[in-house]
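Inspection log for the structure reproduced underneath, given as C-alpha cells.
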Number of protein chains: 2
Amino acid sequence: MFVRQANLPLCEEHFPWWFERKVERTLRRYKMVGPGDRVLVAVSGGKDSSTLLSVLAELSGKMGFEVASVTLDLGIGGNSYSKLSVETAETIARKLGVEHHTVSIKDKYGFTLDEAVRAVRRPPCSLCGLIKRYALTDVAREMGFDALATGHTLNDVARFLLSSYITASLAELVRLTPVSASELPGIPRRIKPFYESLEEHIKAYADLKGLKYLRDGCPYARTAPMDFLRSFLDGLEARSPGMLNAMVRGYVKHIRPALEAYLKDKLPELRPCSKCGMPSSGDVCAFCRMRERVLERLS
Amino acid sequence: MFVRQANLPLCEEHFPWWFERKVERTLRRYKMVGPGDRVLVAVSGGKDSSTLLSVLAELSGKMGFEVASVTLDLGIGGNSYSKLSVETAETIARKLGVEHHTVSIKDKYGFTLDEAVRAVRRPPCSLCGLIKRYALTDVAREMGFDALATGHTLNDVARFLLSSYITASLAELVRLTPVSASELPGIPRRIKPFYESLEEHIKAYADLKGLKYLRDGCPYARTAPMDFLRSFLDGLEARSPGMLNAMVRGYVKHIRPALEAYLKDKLPELRPCSKCGMPSSGDVCAFCRMRERVLERLS
C-alpha cells in the first residue's frame, strides 16, 4: 500500500497502524471525543461506517472513551435491502464485541422510507437524509450518548464543499464541520472521525482487517448528480496527492471562521420543536412536519 | 446560434444584439461605468480583449462613455509574438475608429518580459501577470482614465474562483470582483465587462462581426495547470447551462460580502509605493522590487 499523500510505502502490518494514527490525530485535532465520553456510531453495514466502528472500537481503549453502535432499519426495498444492512451491522458489532442497537423507524415513527417516498414529493435521498439525521440524533439523545459519530469521509466532505461553493450556499457551507456542537442541552454533538480520511484508505483498511461489509448499494441511489463532482475531485487528488485534505483543512481554518462570523446574528436560533423537543429553526421541526404528512397519506 | 443558458435560438442578426445587451446589463448591474467616464481597454489582440473593445466601442455612444485602447509591447518571443500582438490590436482599433496607444515596457521600464523571465526565478505567467497589472494601471493613471477594462471572461473568473476555493485563499477570493474600486486617489478602477459572458459567446460574436483577432497563443503558455479546472467547469456548464453565471453571481452576492466583512481590518491598507507612487501593501511595491532585481542582472 503506497500512501501517496504522505509519500509513504507501507506494508500490510503497518498500514492499519498508520491509518488508525491518522484517525486518532483527526479525533484529537478537532476535539471530537474526551475521556469518559460515550460515543454512538451510526452503522449502515456499508464500507465507511463499518470501518469507522472497527477503528473507533480499536482506539476507544487507548483514548478512554466508550463505543456503542446503532443501525436504523429504514424499511428500504420492501425491507430486503434494509434487512441485509441490519444483519451485516449486527454481525460486525458482535465480532468487535460492541454493544449494538437496531431501531426500526416503522416501529418508532410509524412509517418506512418506502412509504415516505410514495407519500411525499421529494427526492428519496433527501428524504432519507432528513430521516437518518433526525432519528440518529433522537436515539442517541434518548440513550444519553455524548456524541454521535457518522462515517462521512474526506471524499464526502470535499464533494459537499465543492457543491456548496458552486451554489454559493452560506447556510450549507457553515455546516460542513468536523464537529457540530450540541445544538440544545441534552442533544449529543455530531462528529465525523473520517473527516480527513480518503475512501481509498478506508477500503484498504477494511480489506486488510477482513471486515465483511455490505457491498450492495442502496436501491434508491441510482440518480447521482454528485458523480460528476466526485470524478473531478478524484482527478484532483490523483494529480496532487493530499489536495482534498488541504481543501477541507483550508475550509476549516480560513473559510468557515469568516462565514461563521458573518452569519452569527443572521441565522435563526435553534429552539426545541413544540412537538418532539428536538432542535428546530421554526415552531415545528422539518421531521415532524414531514411525518405528519406521511401518516396522513397512510391512514 | 443557440444560447442554451437563456434557452434562446438566435439568428446571425439577433445574436450580436443579445450579446451586446448582456454586456450592457453587466456594465449596469455592477456600476462599471457612468456617463462621461473615460475607459481604457487593455487589448492584447486575442479573441477576448479584441471583442471587448468592439463591444465597448458599440455601447459607448448609447451609454455615454468614452473608449480608448492600449496594447503593451511586452517583448515576448524575441519580439515576434509581441509584434504580432501589437499590430493586430492597432489594426482592430483603427477599423473601429478608437484612439489607440502602444506602450513598450522596454522603453518605459527598461526590460522586456523575456529578459525578466531569464533574470527572475518565477513562472513566466506569474511574472507577466504582475507586469501587465502594474503597467496597465500605471498607463491608465498617467493618461487620466477613470476606468481600466480587461477582457477577463466568465470562464476565467469561474476558474480563478474554483482554484481559490480549493486552496481556501481568502485574499484571492476577496479580489475576484467585477469592479475593483480605485485603490488610491488618481488610480483608475478596474472593470471586467465580460464577467458574465461565456467564451463560447464571445467567440461567436467575434466571428459574426468578422473581427481579425490573433489566434496564436503566447509562447510561454505551455504549462497550464488550470486546464484541469477548465475542463471540469466546461463540463459543469454543458450539463447545467447557466451554472457558471450562477456560481459567480452567488460569489458576488453571498460569499464575497461575508469574506470582505471578515477581512475588513485584517488585510494591510494600501499606500503609495515610496518609489513609484502606485498602490502598495509595503513600503516598496512588488513591481519596483522585481524591476530592481531585473535591472541589476541586466547591467
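Chain letters run A, B, ... following the sequence lines, proteins first, then strands; residues in each count from 1. The structure displayed is predicted, hence computed values, not measured ones.
Of the residues considered (B/A168, B/S231, B/A258), B/A258 shows the highest number of contacts with chain A, using heavy-atom pairs under 4.5 Å. Between chain A and the options B/K266, B/M247, B/R249, heavy-atom pairs under 4.5 Å are most frequent for B/M247.
In this structure, A/Y262 and B/A261 approach most closely via the heavy-atom pair CD1-CB, 3.9 Å.
Between B/I166 and A/L162 the shortest side-chain heavy-atom distance does not fall below 4.5 Å. Using a 4.5 Å cut-off on side-chain heavy atoms (C-beta onward), B/L173 and A/Y165 make no contact.
Shown here are the ring pair (Phe, Tyr, Trp, His ring centres under 6.0 Å) partners of A/F160, two or more places apart in sequence or in another chain: there are none. In this view, B/K31 satisfies the salt bridge (Lys or Arg N to Asp or Glu O under 4.0 Å) rule with no residue, not counting sequence neighbours.
For a heavy-atom cut-off of 4.5 Å, chain A lies close to B/G250, B/Y251, B/H254, B/I255, B/P257 in residues 250-257 of chain B.
Distance check, rounded to the nearest 0.5 Å: CG of B/L229 to CZ of A/F232 gives 5.0 Å.
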Please report, to 0.1 Å, the donor-acceptor pairs under 3.5 Å made by any side chain of residues 152-159 of chain B, with sequence neighbours excluded.
residue	atom	partner	partner atom	Å
B/H152	ND1	B/T150	OG1	2.9
B/T153	OG1	B/N155	N	3.3
B/T153	OG1	B/D156	N	3.0
B/T153	OG1	B/D156	OD2	3.2
B/T153	OG1	B/E199	OE2	2.8
B/N155	OD1	B/E199	N	2.9
B/D156	OD1	B/R159	NH2	3.0
B/D156	OD2	B/T153	N	2.9

